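Here's the structure we're looking at; comments come further down.
Quick caveat, the model's predicted, so the values are computed rather than measured. Below, each value reflects all heavy atoms present in this structure, side chains not excepted, and no hydrogens, waters or symmetry copies. By convention in this document, chain letters (A, B, ...) are assigned in the order of the sequence lines, proteins followed by strands, and residues within each chain are numbered from 1.
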There are 2 protein chains.
Amino acid sequence: MSPEKRLAPYGDYSLQAAAERILTRHRDHIRTQKPHVAVAKLSKILEATLKLSNRQGFQAMSLRDLAEAAGLSMGGLYSYFDGKETLLVMILGEVSSAAETLLEAAPDDVRADPVAHLEWLIAMHVLLSEAMQPFFVFAYMEAKSFPAPARKRAIASEAATEAIFARVLAEGVARGVFKVDDPDFAAALIKPLLQDWYVKRPKYAKRGVSAEAYAAGVSDFILKALGAR
Amino acid sequence: MSPEKRLAPYGDYSLQAAAERILTRHRDHIRTQKPHVAVAKLSKILEATLKLSNRQGFQAMSLRDLAEAAGLSMGGLYSYFDGKETLLVMILGEVSSAAETLLEAAPDDVRADPVAHLEWLIAMHVLLSEAMQPFFVFAYMEAKSFPAPARKRAIASEAATEAIFARVLAEGVARGVFKVDDPDFAAALIKPLLQDWYVKRPKYAKRGVSAEAYAAGVSDFILKALGAR
DNA sequence: TGAAAAAACGAGCGAGCGCTCGATTTATTA
DNA sequence: TAATAAATCGAGCGCTCGCTCGTTTTTTCA
């Protein structure tokens, strides 16, 4: 099993694949005609944006620095987006789209068992945020500077994720597998544990904790807190 | 028992008190002579900085907007700091100083029992971050744009907090109260649960969860995960 | 009350920002 | 290979930024 396969079981989360999806989503605002040219340059732009933004913040990243890092001129950049804010929206859209698609994709046999379902959700979230780490860090750190509609969507997306967890927890409580007073509150506590993986990545890297090990450790911690172990 | 007393048992966490401590810490760089004038204006500056920064980010806050919000002129601001970055460092210093001081102040009878000590640490962290919420949000959100020395200190401060939790956990394991394979890993998972309180405050406010209720809920969740309940 | 000290003012500075657009290079095709 | 289309270039525009400093207002106290 290849590492990519293992880390991102459902879908292709490479930069190129992301660039292709973004190109499709914003085709009418991107002036460059030939898809292979557009995808290649867009990949470079995304890579450079994530690198510069995650170091100093999106706001502090100048388009001149971005142009140089991406190997384009100032004017060249504007063939791929119509303003700095659009670049932000492109990346955010890719993150929430990937998360929403993946977390709803649990196989039926997994859904059948609340414990298995919960473990699956945790593992998938950790592995997805591992495969798309710079994207997730970006979306998390820049959330407050999103334009209003994008911020609303981000909040809704986060609430939807939490609702998925809450549903699984409630189901487990109904079946007597989980012993929890307030499933909604417990669901609210799961999200920050998942976010810590990509937000504080250097900490875990320094300790040699892999994505799989983190997912297993967090699963164990949460299941014990839910009275399932 | 007054709410302030209940929420912040050790020390005064009002804006004025913070301004006084900051004035003491930066006396030689603040041009205004009379302490009561300096503290009053500094309070206004702090309040306005936290308000504007936590809405749009420190970098995006202009000093012209800050001056207006604080009731001073552009030139007037520079009697209180020698540059925008110093303002950031002032606030960061106040946060880490408050956290370090408080968390080391556990009474002996609390320290004697790992469960009580852990509960005390959780409650104090939640209540402190409640009393100084805008400060904590600021420090958390702007961490990546700190100047290098301040960032190092912030990371060290976070590691120190985690080490306190790890020590209590190890002690509990040694006494057979906690059943945990890896106390360091478990300690790493506690921090994000404490941070969620102030980072995602609107979420909990909407649900009517008070600081005390959050501290109790998180304590319960963690103690169950540690096998102590 | 009036002169000295303290505090606050705000127009103006150089720099860097996002963004534009006519000129130029590169790729395509008859 | 010449003509056309596609892609890229980068100096320049208007604007806002952090910051300065000579001036004005306020406070202090003999």
Side-chain angles (χ1 to χ4, degrees), chain A residues 19 23 26-46 48-49 52-53 55-91 142 145-147 150, chain B residues 19 22-23 26-49 52-53 55-91 142 145-147 150:
Chain A
L23 176 60
H26 293 84
R27 203 193 297 279
D28 41 346
H29 293 314
I30 294 178
R31 272 203 297 272
T32 303
Q33 302 295 325
K34 314 198 86 180
H36 76 277
V37 175
V39 168
K41 295 282 181 186
L42 204 50
S43 291
K44 287 276 205 181
I45 292 172
L46 289 175
T49 301
L52 294 175
S53 287
R55 186 177 307 166
Q56 40 176 162
F58 181 75
Q59 163 90 247
M61 175 193 73
S62 83
L63 292 185
R64 282 168 181 82
D65 287 346
L66 175 61
E68 193 186 340
L72 263 82
S73 66
M74 276 296 291
L77 282 182
Y78 278 81
S79 294
Y80 296 94
F81 50 77
D82 53 19
K84 202 184 175 190
E85 192 177 277
T86 300
L87 187 54
L88 188 150
V89 171
M90 283 178 172
I91 295 175
E142 306 300 337
S145 55
F146 289 165
Chain B
I22 290 173
L23 176 59
H26 294 85
R27 202 194 297 278
D28 40 345
H29 294 313
I30 293 177
R31 272 204 295 274
T32 303
Q33 302 296 324
K34 313 198 87 181
H36 76 277
V37 176
V39 168
K41 295 282 181 186
L42 206 49
S43 293
K44 287 276 205 181
I45 293 172
L46 289 175
E47 186 180 17
T49 301
L52 295 175
S53 288
R55 185 177 309 164
Q56 40 176 162
F58 181 75
Q59 163 91 257
M61 175 194 73
S62 83
L63 291 185
R64 281 170 181 81
D65 287 346
L66 175 60
E68 193 186 339
L72 264 83
S73 64
M74 275 296 291
L77 282 183
Y78 279 81
S79 295
Y80 295 93
F81 50 76
D82 52 19
K84 203 185 177 190
E85 191 178 278
T86 299
L87 187 54
L88 187 150
V89 171
M90 283 176 171
I91 295 174
E142 307 299 338
S145 56
F146 290 166

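Atom CG of Asp82(A) is separated from atom P of dC19(C) by 9 Å (rounded to the nearest Å). Residue Leu72(B) contributes atom CG, which lies 14 Å from atom C1' of dT25(D) at whole-angstrom precision. Distance Lys84(A) NZ to dG18(C) P: 4 Å, rounded to the nearest Å. As a whole-Å value, the separation of Ile30(A) CD1 from dA6(D) P is 16 Å. Straight-line distance from the CD atom of Glu68(B) to the P atom of dC9(C): 12 Å, rounded to whole Å. Straight-line distance from the CD atom of Gln59(A) to the C1' atom of dT16(D): 12 Å, rounded to whole Å. Rounded to a whole Å, the NZ atom of Lys34(A) is 11 Å from the C1' atom of dT29(C). Between Leu63(B) atom CG and dG10(C) atom P the separation is 16 Å, expressed in whole Å.
The phosphate of dT8(D) has OP1 or OP2 within less than 4.0 Å of a side-chain N or O from Lys41(A). A close approach under 4.0 Å does occur between a side-chain nitrogen or oxygen of Tyr80(A) and OP1 or OP2 of dT8(D).
Listed candidates were dT8(D), dC19(C), dA8(C). Nearest to the side chain of Tyr78(A) is dC19(C). Listed candidates were dC19(D), dC9(D), dA8(C). Nearest to the side chain of Val37(B) is dA8(C). Comparing dA7(C), dA11(C), dC9(C) by their closest approach to the side chain of Met74(B) singles out dA11(C). Taking the side chain of Ser62(B) as heavy atoms from C-beta on, and the options dC19(C), dC9(C), dG18(D), the nearest nucleotide is dG18(D). Among the nucleotides dA7(C), dG18(C), dG10(C), the one closest to the side chain of Gln33(B) is dA7(C). Of the candidates dC17(D), dA6(D), dG12(D), the closest approach to any side-chain atom of Arg64(A) belongs to dG12(D).
Within 4.0 Å (heavy atoms only), Ser79(A) reaches at least one base atom of the nucleic acid. Here Phe81(B) lies out of heavy-atom contact (under 4.0 Å) with every strand.
If you take OG on Ser145(A) and CD on Glu85(A), they are separated by 9.0 Å, rounding to the nearest 0.5 Å. The distance from the OG atom of Ser62(A) to the CD atom of Glu68(A) is 9.0 Å, given to the nearest 0.5 Å. Here the CE-NE2 distance, from Met90(B) to His26(B), works out to 5.0 Å after rounding to the nearest 0.5 Å. To the nearest 0.5 Å, the span separating CG on Leu66(B) from CG on Leu52(B) amounts to 6.5 Å.
The residue among Gly76(A) and Ala60(B) whose nearest nucleotide of DNA chain D is located toward the 5' end is Gly76(A).
For the pair Lys44(A) and Tyr80(A), the cation-pi criterion (under 6.0 Å, within 45° of the ring axis) is not fulfilled.
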